[in-house]
Every structure is written in structure tokens, then in C-alpha cells.
Amino acid sequence: MNRAIEYQVFGTPSALDIVEAETVEPGEGEVRVSVEAAGLNPVDWKIFSGSFGGDESKLPKGVAKDFAGVIDAVGRGVTEFAVGDEVLGSIKKAVQTDQPNGALANHLVASVRDVAKKPEGLSFVDAASLGIPALTACGSLRALEFTADDVIVISAASGGVGSIVVQLAASAGATVIGIASESSAEYLRSLGAVPVAYGPDLASRVRAAAQRPVTKLLDCFGEEYIDLALELGLSSGTYGTLVGTEGAVQKGASLTGSRDAQLGDLGRVAKLVADGTLKVTVADVYPFTTDSVREAYAELQNGHVRGKLVVDIA
């Protein structure tokens, strides 16, 4: 039997429960993973809360997308992976329509396109924290045609996605201005960014910190940072957002993120973490119980988590 977190109605974290279901066999081009750890992302609670809409007649559904574990079965035509391979990944969609498919489960089935081999030396907990942040970071920098010559501003720079974007940009040699709370200044410096606290007179403080013209901006928080991009004189195509509000798009922001990721991005970031080029920050690790998962998502909803929350499935 497979134990998994699911929701039968849209709502708060209290709608989440652990249920038992039959373990599903992988189909063609799929693998089944015995999950060791699952990473939580804000998009998870936005989905199960109904913030993105949805049809309750299609519930129940599983929860969470990012995972790390060991392959215990492979489907037809799979040659890239074998039973026993340690992997990480991020579920793009529920592959099996007859079973809720989420990362918060003992076992999950995923397309081989959603899985990468875990490098030696990378823990399952750290690997589980990478999925959506890594794919989003790589995709957004690609969409903005980022280069090492850029001076790039990143809002919510201390968060799960922002911290990966900061490090990828800084390791390439760019000047990175990271916007976060004052208390996150030293953390951002450790990632390679010049920290600037959010608040009044932000544009002039960003200009002073950059010391030369800003060329790109990635918003990981909200529409007000699109206003900052315009105030900094950036033109359409040089600023993007992960938060697709109608106002942001009307102001010329490119809506980007994991939609612009490519096959191989997750594996590339995992190797950079394993060799010490990039570091991940896991804020807390929770046990795999209903109460603990509910608590973790309530904490994530508060919006001030530095790094990632991970659930230890094993």
C-alpha cells in the first residue's frame, strides 16, 4: 500500500490528510520512485487552496511536486534509468489519472522527463529541495537572456527560488542586487548578492548599490517590483515576473519560470550543489504525518521562510 497526502476539497492546510491506496505500476516512459524526501513550495498550497481555480469533481488529488528517492520500478521503453538509481525530480502533472499523484507519498510515478539522477554526495533532503526552485531559476534567467555582463535585480532574493537565481547569476560573474528584509542582508552576501532592504526610496538605493545601470530585473514576489523595473528605466523584455498578475503583464513584464526550463536544467543545478558551487538552505525538515505536513504548509503560507521546507518521507 502507498501512503500519501491528499485533499478531497479545496481549502486550508486542515484539508490535507494521509490516505492509503494501491501502489501503481509505471507505464511506458515512466518510473516509480520510492520517495525519501519531498520539498514544499508556495505553489502547492495555492493549488490545494483553490487559488488557481479547479474542479472539485476531479478531487481527491495528491500534494507537492518536488521529490528525491530511489527508483523501484521502470516502465516500458525506459533505458535512461534502472531500479536502484537514486534520483530527484519535480512532477509536471499527475501521470496516473486513477491515483492522486503527489510527492508527499511513499511511492510516486513520474515521466522520465521529470526525473534526474542524484549526484553522489547530495543528500536526499537537499535534493528534494531543488525541483521547482532550480527549474524556475534556470527558466527565468533563460527567458531574460541573462548574461554575465548583466546587473540584475532580484526581489524576494532570500526565498527558495530567489536564492538559487542569485547564486546562478553571481557564479556566472554578474552583479546581483538582492532585495529582501534587512535581517537577510548577511545571508544574501553569503550567496554573492549586494543586499538592499525593501522599503521606501527603493529605486535610488538600488542604483546606489549597483553603481552602474541596472540591465535586468526578476520579480519573485509581486507586482510592485514591476513598478521598480519601470522606475529603473528598464525596457520590455529585460524584466520578468514569476507572479502572473494581470497588472504585471499589462506593464510589460514577461511571465516566466519553470515554463522556460529545459531538459537537463535540474541535473545541472544538482551537480552544482553537489560540488559546492551552489548551496541550498533547508529551513526545516518535518516528519511525514498529517499534523506535521499541515504545520509546514501553514508556516509556508506565512511567507517569511528563508530557504526550503522539506518533509522526510523515509
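Worth knowing before you read on, the calculation uses all heavy atoms, side chains too, and leaves out hydrogens, waters and symmetry mates. Bear in mind that the values here come from a model prediction, so they are computed numbers and not experimental data.
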> If you group Ile, Leu, Val, Met, Phe, Trp and Tyr whenever their side-chain heavy atoms sit less than 4.5 Å apart, what else falls in with Val153?
Replying inline: Val151, Ile177, Ile179, Val194, Val196, Tyr198, Leu202, Val206, Val214, Leu217, Phe221, Tyr225, Ile226, Leu228, Leu230, Leu232, Leu234, Tyr239
>> Using only atom types and a distance under 3.5 Å, with no angle test, would you say the side chain of Asp312 pairs donor to acceptor with the backbone of Pro287?
In response: no
>> Can you tell whether the side chains of Arg142 and Asp260 come within less than 4.0 Å, N to carboxylate O?
In response: no
>> Under a 3.5 Å threshold, yes or no: a donor from one side chain and an acceptor from the other, between Ser204 and Asp201?
In response: yes
> Tell me, do Pro60 and Val19 make a side-chain contact under 4.5 Å, heavy atoms counted?
Replying inline: no
>> Do Ile132 and Ser258 make a side-chain contact, defined as non-hydrogen atoms from C-beta onward lying under 4.5 Å apart?
In response: no
> Do Leu130 and Leu122 come close enough that some side-chain heavy atom pair is under 4.5 Å?
Replying inline: yes
> Is there side-chain contact between Val166 and Tyr187, with at least one heavy-atom pair below 4.5 Å?
Replying inline: no
> Between Lys118 and Phe124, is NZ or CZ placed under 6.0 angstrom from the six-membered ring centre and within 45° of the ring axis?
Replying inline: yes
> Transitively linked via ILVMFWY side-chain contacts under 4.5 Å: Val310 with Val35?
Replying inline: no
>> Run the side chain to side chain contact (heavy atoms under 4.5 Å, CB included) test on Val70 and Glu86 for me, step by step, so that the C-alpha distance in whole Å, both residues' side-chain angles and the decisive distance to 0.1 Å come before the verdict.
In response: CA-CA 4 Å; Val70 181; Glu86 296 183 349; 4.2 Å; yes
>> For a 4.5 angstrom cut-off between non-hydrogen side-chain atoms, does Thr238 reach Lys216?
In response: yes
> Would Leu104 and Leu108 show up in the same hydrophobic cluster when neighbours are defined by side-chain heavy atoms closer than 4.5 Å?
Replying inline: yes
>> Using side-chain heavy atoms (C-beta onward) and a distance below 4.5 Å, is Leu278 in contact with Leu168?
In response: yes
> What pair of heavy atoms forms the shortest contact from Asp66 to Pro133, and how long is it?
Replying inline: OD2-CD, 3.6 Å
> Transitively linked via ILVMFWY side-chain contacts under 4.5 Å: Trp45 with Val305?
Replying inline: yes
> More than 12 foreign heavy atoms under 6.0 Å from NZ of Lys251: is that the case here?
Replying inline: yes
> Checking side-chain hydrogen bond (donor to acceptor under 3.5 Å, both in side chains) for the pair Asp291/Thr289: CA distance, chi angles, key distance, verdict?
Replying inline: CA-CA 6 Å; Asp291 287 344; Thr289 67; 5.9 Å; no
Which atom pairs, one a donor and one an acceptor, fall under 3.5 Å between side chains of residues 158-165 and the rest of the protein, sequence neighbours left out?
| unit_1 | atom_1 | unit_2 | atom_2 | d |
| --- | --- | --- | --- | --- |
| Ser163 | OG | Gly159 | O | 2.8 |
| Ser163 | OG | Gly160 | O | 3.3 |

